[in-house]
Asker: 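Mind looking over this structure? Questions follow.
Just so you know, residue 1 is the first one in the sequence shown, and it goes up from there. Keep in mind that the numbers below use all heavy atoms, side chains included, and drop hydrogens, waters and symmetry copies.
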Amino acid sequence: MTGIATARVIDVHAHIVLQETLDTAGAFGPTIGHYESGMPYFEVGKNYRLDGVRYVGSPFMDLDVRIARMNERGIDFQVLSPNPLTYLHYILAADAIRFCQVHNDAVAAQVKRHPDRVAAFAALPMQDPLAAKEEFERAVTELGLLGACFGTDMPYSLHDAKLDPLYETAVRLDVPLFIHPAPAGIDGPPGDPALKRFDLDVVAGFAAQETLAVATLIFGEVLDRHPKLDICISHGGGNMALLKGRMAKAARKRPWSPAHLRADGAFEERLARLWFDTHLDHPLAEMMLADLVGRDHLVYGTNFAGWDAPDGGDHGEAASYLADNARRLLRADRKVRA
């Protein structure tokens with residue numbers, strides 16, 4: 001993994017779609033097809049169809065095309081993560097387990113082709129916490145993946161004690177977790193109908209889910225039960241920079257807050273232990289996030305090849321320290337020594 005050791009720009013927010021996973025999740029596919037007009041679609045189950053996004057032959061599915069685009073955009077190294085459309089956290093556990101195993105085997109094979117340019121996070125069947133723990137361990141110890149990625153919406157809340165064995169495994173293996181939302185209703189509850197207009201489930205809903213994830217991890221005492229756990233939240237933690245003060249006040253004053261969160265600075269100390277990618281689409285938002293949570297736990301992310309990926313190859317003056325932060329989050333020194 002010498003590539004990550006010397007990379008100037010490390011992108012930790014880069015989803016992948018794998019040919020091998022198509023039609024491996026039972027009734028939920030996923031499948032790729034085309035209309036008579038030639039327009040492509042990506043279908044997951046019977047309730048979700050994404051029109052007009054070409055996966056085949058794109059950076060999402062073709063590693064050579066991805067690396068060529070990375071070269072154009074000045075990105076030295078990427079950590080590949082599952083497509084949020086196929087987290088599949090609500091489908092039958094057996095189907096989800098099979099899908100995740102196929103996904104992780106396939107993405108590990110992609111990494112082996114270009115370990116100097118890419119690494120990967122594992123997909124996990126979060127509806128079965130024991131199976132998720134077992135697949136997490138296999139993906140890291142046998143396949144060499146750098147951690148795991150899953151969504152914010154699943155049958156268990158992020159602070160549910162049933163997920164503690166998964167968190168304990170992350171600490172024991174000394175690898176991070178990456179949490180990134182998905183549109184509601186693909187395979188689970190439909191979510192707020194207001195978010196179905198104007199793509200607001202992606203534009204605004206993701207930020208709400210990320211903010212709730214941060215709050216749940218802190219208020220739900222996950223970070224207290226697992227003080228060495230490293231979790232990175234996408235898109236700067238949603239609205240976290242704006243709501244930090246309000247959440248800290250809630251920790252001090254609301255009746256449900258535990259005693260250890262009521263002290264001045266207790267909420268802020270726990271918030272500073274989380275990691276955030278900087279894919280926020282505005283420099284002032286990035287500056288506010290760095291100012292309010294500290295810049296030592298920020299990493300660079302692009303949603304590579306996605307609708308909101310940054311244009312061009314100028315990654316800003318922060319790219320250098322963000323790459324150093326990513327090396328710490330991903331335990332790059334240990335990987336190089338190994």
Side-chain angles (χ1 to χ4, degrees), residues 1 12-16 18 20-21 24-25 79-84 86-112 115 118-182 187 213 216-217 220 222-223 225-234 273-275 277 299 326 329-332 334-335 338:
M1 295 216 20
V12 302
H13 186 157
H15 304 300
I16 188 170
L18 296 153
E20 294 88 342
T21 63
T24 62
V79 185
L80 309 176
S81 55
N83 179 0
T86 55
Y87 286 152
L88 303 174
H89 290 334
Y90 283 96
I91 70 173
L92 291 174
D95 291 339
I97 292 167
R98 180 172 58 252
F99 178 87
C100 290
Q101 289 172 341
V102 172
H103 177 282
N104 295 336
D105 288 342
V107 78
Q110 294 288 299
V111 170
K112 285 181 179 179
V118 295
F121 290 135
L124 298 180
M126 297 300 290
Q127 57 272 77
D128 185 333
L130 177 58
K133 171 186 175 295
E134 292 174 348
E135 180 58 18
F136 186 20
E137 184 139 12
R138 183 185 80 91
V140 173
T141 62
E142 298 181 21
L143 301 179
L145 304 190
L146 298 192
C149 171
F150 49 86
T152 55
D153 185 18
M154 64 187 84
Y156 302 100
S157 173
L158 290 172
H159 73 302
D160 195 304
K162 289 185 174 65
L163 297 185
D164 280 342
L166 178 72
Y167 297 142
E168 291 164 2
T169 299
V171 173
R172 176 169 52 82
L173 297 176
D174 192 25
V175 295
L177 300 172
F178 182 52
I179 296 179
H180 182 295
D187 57 296
T216 301
L217 291 167
V222 173
L223 300 183
R225 297 198 301 272
H226 309 282
K228 295 184 178 180
L229 179 64
D230 277 333
I231 296 180
C232 183
I233 312 292
S234 57
R273 286 171 43 201
L274 293 170
W275 295 73
D277 80 34
V299 291
L329 174 66
L330 301 169
R331 283 60 170 173
R334 182 187 65 196
K335 297 297 188 298

Asker: So Val222 and Thr216, do their side chains get closer than 4.5 Å, heavy atoms only?
Answerer: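 In short, these two side chains do not touch, never coming nearer than 4.5 Å.
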Asker: So Pro125 and His89, do their side chains get closer than 4.5 Å, heavy atoms only?
Answerer: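 No; the side chains remain at least 4.5 Å from each other.
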Asker: Using the side-chain hydrogen bond (donor to acceptor under 3.5 Å, both in side chains) rule, take His226 and Asp164 through it: C-alpha gap first, then chi angles, then the decisive distance, then the call.
Answerer: CA-CA 8 Å; His226 309 282; Asp164 280 342; 2.8 Å; yes
Asker: Would you say Arg273's side chain and Asp230's backbone share a donor-acceptor pair under 3.5 angstrom?
Answerer: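 No.
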Asker: Below 4.5 Å, heavy atoms only, C-beta onward: do Pro82 and His103 meet side chain to side chain?
Answerer: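 They are in contact (side-chain heavy atoms under 4.5 Å apart), so the answer is yes.
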Asker: Any chance you could measure Glu142, atom CD, to Asp105, atom CG, to the nearest 0.5 Å?
Answerer: 9.0 Å
Asker: For the residue pair Pro181 and Tyr87, what are the closest heavy atoms and their distance?
Answerer: O-CE1, 3.8 Å
Asker: Below 4.5 Å, heavy atoms only, C-beta onward: do Thr24 and Gln101 meet side chain to side chain?
Answerer: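 Thr24 vs Gln101: side chains apart.
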Asker: Quick one: does Arg138's side chain have a donor or acceptor within less than 3.5 Å of a partner on Lys133's backbone?
Answerer: no
Asker: Is any side-chain heavy atom of Cys232 less than 4.5 Å from a side-chain heavy atom of Val299?
Answerer: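 Yes, side chains in contact.
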Asker: Where the side chain of Arg331 meets the backbone of Leu329, is there a donor-acceptor pair that is under 3.5 Å apart?
Answerer: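 Yes, Arg331 side chain to Leu329 backbone: donor-acceptor pair under 3.5 Å.
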Asker: How long is the span from the CD1 atom in Ile179 to the OG1 atom in Thr152, to the nearest 0.5 Å?
Answerer: 8.0 Å
Asker: Taking the side chain as everything from C-beta on, heavy atoms only, tell me whether Leu166 gets closer than 4.5 Å to Leu124.
Answerer: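 Heavy-atom side-chain distance check passes, below 4.5 Å.
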Asker: Do you know which two heavy atoms are closest between Pro176 and Leu146, and how far apart they sit?
Answerer: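 Nearest heavy atoms, Pro176 then Leu146: CD-O, 3.2 Å.
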Asker: Kindly indicate, with the supporting measurements, whether the criterion side-chain contact (heavy atoms from CB on, under 4.5 Å) is fulfilled by Phe121 and Val140.
Answerer: CA-CA 9 Å; Phe121 290 135; Val140 173; over 6 Å; no
Asker: Does Asp277 reach the side chain of Phe178, with side-chain heavy atoms less than 4.5 Å apart?
Answerer: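 Yes, at least one pair of side-chain atoms sits under 4.5 Å.
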Asker: Working to the nearest 0.5 angstrom, can you tell me the gap between Ile97 CD1 and Ile91 CD1?
Answerer: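 The distance works out to 9.5 Å.
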Asker: State, yes or no, whether a side-chain contact exists between Phe99 and Asn104 at a heavy-atom distance under 4.5 Å.
Answerer: no
Asker: What is the distance from atom OG of Ser81 to atom CG of Leu145, rounded to the nearest 0.5 Å?
Answerer: 11.5 Å
Asker: Restricting to non-hydrogen atoms, name the atom on Cys100 and the atom on Glu135 that form the minimum distance, rounded to 0.1 Å.
Answerer: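 Closest approach of Cys100 to Glu135, heavy atoms only: O-OE2, 3.9 Å.
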Asker: Over all heavy atoms of both residues, which pair between Leu173 and Phe136 is shortest? Give the atoms and the distance, please.
Answerer: CD1-O, 4.5 Å
Asker: Between Arg172 and Glu137, is the closest basic N to carboxylate O distance under 4.0 Å?
Answerer: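 So Glu137 pairs with Arg172 through a salt bridge.
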Asker: Report the C-alpha separation of Thr21 and Thr86 in whole Å, then their side-chain angles, then the decisive distance to 0.1 Å, and conclude whether the side-chain contact (heavy atoms from CB on, under 4.5 Å) test is met.
Answerer: CA-CA 10 Å; Thr21 63; Thr86 55; over 6 Å; no
Asker: Does any donor atom in the side chain of His15 or Asn83 lie under 3.5 Å from an acceptor atom in the other side chain?
Answerer: no
Asker: Given side-chain contact (heavy atoms from CB on, under 4.5 Å), test Leu229 with Leu177 step by step and report yes or no.
Answerer: CA-CA 8 Å; Leu229 179 64; Leu177 300 172; 4.1 Å; yes
Asker: If I compare all heavy atoms of Tyr90 with all of Asp187, which pair ends up nearest, and what's the gap?
Answerer: N-OD2, 2.7 Å
Asker: Please check this pair: side chain of Gln127 against backbone of Leu88, looking for a donor-acceptor N/O pair closer than 3.5 Å.
Answerer: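 Judged by distance alone, yes, a pair lies under 3.5 Å.
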Asker: Determine the minimum heavy-atom distance between Tyr167 and Leu158, stating which atoms define it.
Answerer: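 Closest heavy-atom pair between Tyr167 and Leu158: OH-O, 2.6 Å.
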